[in-house]
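Reading through the structure tokens given below for one structure.
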Amino acid sequence: MIIQPRQRNRGVTTVALIIFIAFFALLPLAVFAFELARFTLMQHQLQASADAAALAGTAALASSPSGRTIEQQHRLAMTVAAQTFEQNSILKTRFSDPGNLAKHLNSGFDSSRPGLYNATLNIKLFDQDGNPQPTGSPLATTMRVEATYTDRAIFAGNLFPTGFLETASVYSDGGLPQLDLFLCFDVSGSMDDQTNVTLVRRQWSGSGVIYKVVANQVIYPLCIPPKEGTGFNAMQPQNLSYSSYGSPSNQNTWIFSESTNPSGNLLAGLRGNRRTYPAGSLPSPIPASATQYPLGSLVAEQGLPPGNFDPTDPTNPGGNAMNPDVYNNGFTDMVVRVPNMGTYDFSRLETCVEASRGNMESADILRQSQGGTINPNLPPPQAGYYNAYWSQVRNTSQPIADSRNASVNFYQIMNTSSNAHFGLETFTDTAGTSPTSTYTGISQNADQNWPHAGTQAFPLPFISLDRSNSNFSEVIEAIQGNGSTRLPLGPTGKTNIADALKLALDDLGNTSKTRARAKKAIVLFTDGIPNRPVNESTGKSEARNQARRARRMNVPIYTIGLSQNTSIISQQDALLGDSRTTSQGIAALSADGALYIRVSNSAALNQAFQTIARSLVVLQQ
């Protein structure tokens, strides 16, 4: 019996079966696995492109230039997102090539399948609850980037005349999570030390009021104060006796006419004539029945001529037994050369001096303050000059003016790019405790030795967190004032960082004021180092203790140090520094990711705040 051929038939059958299985089963499986892997890669690349676009767009929103409207910020952010997407590619398709990408920036959305090797990009704006918002809406806090791309399958595409198309769709949400955010804002007296001021000796010449310029310089080098700065202020309260920190015999220091330093000040009384004269001895236009000058109601020294003006002998420049030139470094007034404001003309020094005293409010008051003969350099008086002058001083004093504007811009950025609730803590010798808190130290406009200049409540507001309200309008008004009942923040007093951080952390740790899902953070802005409570050593130690407390509470403290005095830069870096440079700085102690930013001038503050805003931007997934 022959069996050899039968064995050969079996081998052929087995081989044929293997070939059949490989071709019709394993090969399709391999092709399917390849196409699936290729599609997965395509989808991952598309997702990465959408993520990059969402993150770039949200970062652009958080760092958009100041002065833009909300709509302009939104359009800029969506444009940056689209441009970022265009820099990417999927497989072999580059979206930077013309015609490969259709963009829809919060309008005219296209949900249809794009053509082969083409993508559609839909960018949409939503509020925190997922509701669509129009461009420019203040409720728009989330940017959604939706991307769709179509490609051809490699193997299956060749088996069909029309090709086998694969379409991937992804989306990515960019924006900030819920955030409960506190700004601790330093309003100590050194916060106007970069203001250029003029010291003036206002005196009677024998025929009229004259104004002698004693000094014209920026406050800090003018006064040469201790390293923490000076309480001598461009704004009210001015505390004019603080102009001199050296020996009274040093002619490079300055003597305020009403100061008790030097002892037996020979200029005392030159600031304003409040002497009593015999009845009937005062010439017209001053009422003959008056025994002293009638005062204006705006401020107690309103309407006073120089102290060396003697109405019984107007031709004598040494009237009332005074020598106004006894000290060549003596002064009566300190003013800021402010820009004009509407019809109020501050182009001349004389106007700034008289407006600051309230003497430009009417012709009668001005004439009386000028001893009956008005200086020809003065413009026509009109009601409102006093408030206009001090308003312009507040708007131009530095770095406080730039600091207010930069912090407001920061709040605006965070408000338009996040679901943030805000708190504000201002601090000087102590920190504010309520929205209407005021500074309780020296509050005279001119000097504690010259009470006739009046007093003023210095704002020191504390705006607590509210779990049901963002507090956006409240913190803006607390910083910038409202033009009537609330003044903008101004500088006075010393520096107590620890007190501010403590009260801010108390609020952030209060579950009735914060939101359970919200991230928490503090931004600390200061222009120096603390000297309260007690002294510098205790101030630094207590501030660091609060930073350690913040770490336990998982609250990062971002710090901004405005270094006005080069001699304290190293100390400020050591106190405020982050983990990149020190382990004992407030930022480093509070959290590893918290940033410290040192700025050398107030113009750089906007960039510093924007850097912090960018560091808080994360993708919402």
Side-chain angles (χ1 to χ4, degrees), residues 195-219 221-223 232-234 238-246 248-275 293 299 301-310 314-338 346 348-360 366 368-371 373-378 389 393 444-447 449-450 452-453:
T195 308
N196 195 85
V197 299
T198 303
L199 302 185
V200 181
R201 187 159 65 247
R202 177 181 181 263
Q203 61 191 75
W204 180 254
S205 68
S207 60
V209 177
I210 59 174
Y211 307 82
K212 292 189 175 182
V213 174
V214 177
N216 182 46
Q217 200 172 4
V218 169
I219 288 178
L222 177 78
C223 297
F232 178 80
N233 294 324
Q238 290 184 303
N239 302 323
L240 297 182
S241 284
Y242 290 177
S243 61
S244 176
Y245 284 84
S249 61
N250 183 351
Q251 294 299 294
N252 291 324
T253 61
W254 317 105
I255 301 172
F256 174 49
S257 62
E258 312 311 315
S259 174
T260 56
N261 185 13
S263 179
N265 189 349
L266 298 179
L267 285 179
L270 184 61
R271 168 100 179 176
N273 191 333
R274 296 183 60 85
R275 295 176 180 272
Y293 293 107
V299 60
E301 66 180 355
Q302 186 180 14
L304 295 183
N308 68 314
F309 171 67
D310 182 354
T315 61
N316 179 15
N320 296 314
M322 295 183 63
N323 177 9
D325 296 313
V326 64
Y327 307 127
N328 61 10
N329 56 345
F331 70 100
T332 58
D333 295 77
M334 183 265 283
V335 294
V336 180
R337 302 298 299 272
V338 299
F346 297 110
R348 299 192 65 90
L349 174 68
E350 297 92 329
T351 311
C352 294
V353 172
E354 299 304 338
S356 71
R357 291 167 164 253
N359 293 334
M360 293 296 297
L366 181 59
Q368 177 178 290
S369 71
Q370 296 277 296
T373 304
I374 297 178
N375 188 301
N377 291 325
L378 292 170
Y389 170 78
V393 172
Q444 280 73 27
N445 288 352
D447 192 270
N449 298 313
W450 179 248
H452 312 299

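FYI, the numbering just counts along the sequence from 1.
- Applying the side-chain hydrogen bond (donor to acceptor under 3.5 Å, both in side chains) rule to Asn323 yields no partners; only residues at least two apart in sequence or on another chain are considered.
- The only option from Val336, Val197, Asn196 that meets the side chain to side chain contact (heavy atoms under 4.5 Å, CB included) definition with Ile219 turns out to be Val197.
- Contact check for Met334 versus Thr198: no side-chain heavy atoms found under the 4.5 Å cut-off.
- Among residues two or more places apart in sequence or in another chain, the side-chain contact (heavy atoms from CB on, under 4.5 Å) test is passed with Ser205 by Ser207, Ile210.
- Ring-plane geometry between Phe232 and Phe331 is classed as perpendicular, the angle between the planes exceeding 60 degrees on a 0 to 90 degree scale with a lower cut at 30.
- Each of Val326, Asn320, Asn308 was compared with Leu270 under the side chain to side chain contact (heavy atoms under 4.5 Å, CB included) criterion, and only Asn308 meets it.
- Shortest non-hydrogen contact noted between Ser356 and Asp333 is OG-OD2, 4.5 Å.
- Here the CD atom belonging to Glu301 is positioned 7.5 Å from the CG atom belonging to Asn359, to the nearest 0.5 angstrom.
- Of all heavy-atom pairs between Gly330 and Val214, the closest is O-CG2, 3.2 Å.
- Panel note: side chain Arg201, backbone Pro324; a donor-acceptor pair is recorded below 3.5 Å.
- Taking Arg337 as the reference, nothing meets the salt bridge (Lys or Arg N to Asp or Glu O under 4.0 Å) condition, with sequence neighbours excluded.
- Remark: the backbone N or O of Ser259 is paired with a side-chain donor or acceptor of Asn265 at under 3.5 angstrom.
- At a threshold of 4.5 Å between non-hydrogen side-chain atoms, the residues Leu240 and Glu258 do not count as touching.
- Counting only heavy atoms from C-beta outward, the side chains of Gln203 and Thr332 never approach each other to under 4.5 Å.
- Side chain of Trp204 to backbone of Pro314: a donor-acceptor contact under 3.5 angstrom is found.
- Trp254 contributes atom CH2, which lies 6.5 Å from atom CG of Asn329 (distance to the nearest 0.5 angstrom).
- In this structure, Tyr327 contributes its side chain and Leu266 its backbone to a donor-acceptor pair below 3.5 Å.
- Residues that satisfy the side-chain contact (heavy atoms from CB on, under 4.5 Å) test with Pro221, not counting sequence neighbours, are Gln217, Val218.
- When all heavy atoms of Gly371 and Pro305 are compared, the pair lying nearest together is N-CB, 4.2 Å.
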Please assess Arg274 against Leu304 for the test side chain to side chain contact (heavy atoms under 4.5 Å, CB included), listing each intermediate value before the final yes or no. CA-CA 7 Å; Arg274 296 183 60 85; Leu304 295 183; 3.6 Å; yes

Run the side chain to side chain contact (heavy atoms under 4.5 Å, CB included) check on Asp310 and Asn316 step by step: do they pass? CA-CA 7 Å; Asp310 182 354; Asn316 179 15; 5.8 Å; no

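- Remark: Arg202 engages Glu354 in a side-chain hydrogen bond (donor to acceptor under 3.5 Å, both in side chains) (not counting sequence neighbours).
- Distance check, rounded to the nearest 0.5 Å: CZ of Phe309 to OG1 of Thr373 gives 7.5 Å.
- Here Asn273 pairs with Tyr277 under the side-chain hydrogen bond (donor to acceptor under 3.5 Å, both in side chains) rule; sequence neighbours left out.
- Judged by distance alone, the side chains of Glu350 and Asn377 do bring a donor and an acceptor atom under 3.5 Å apart.
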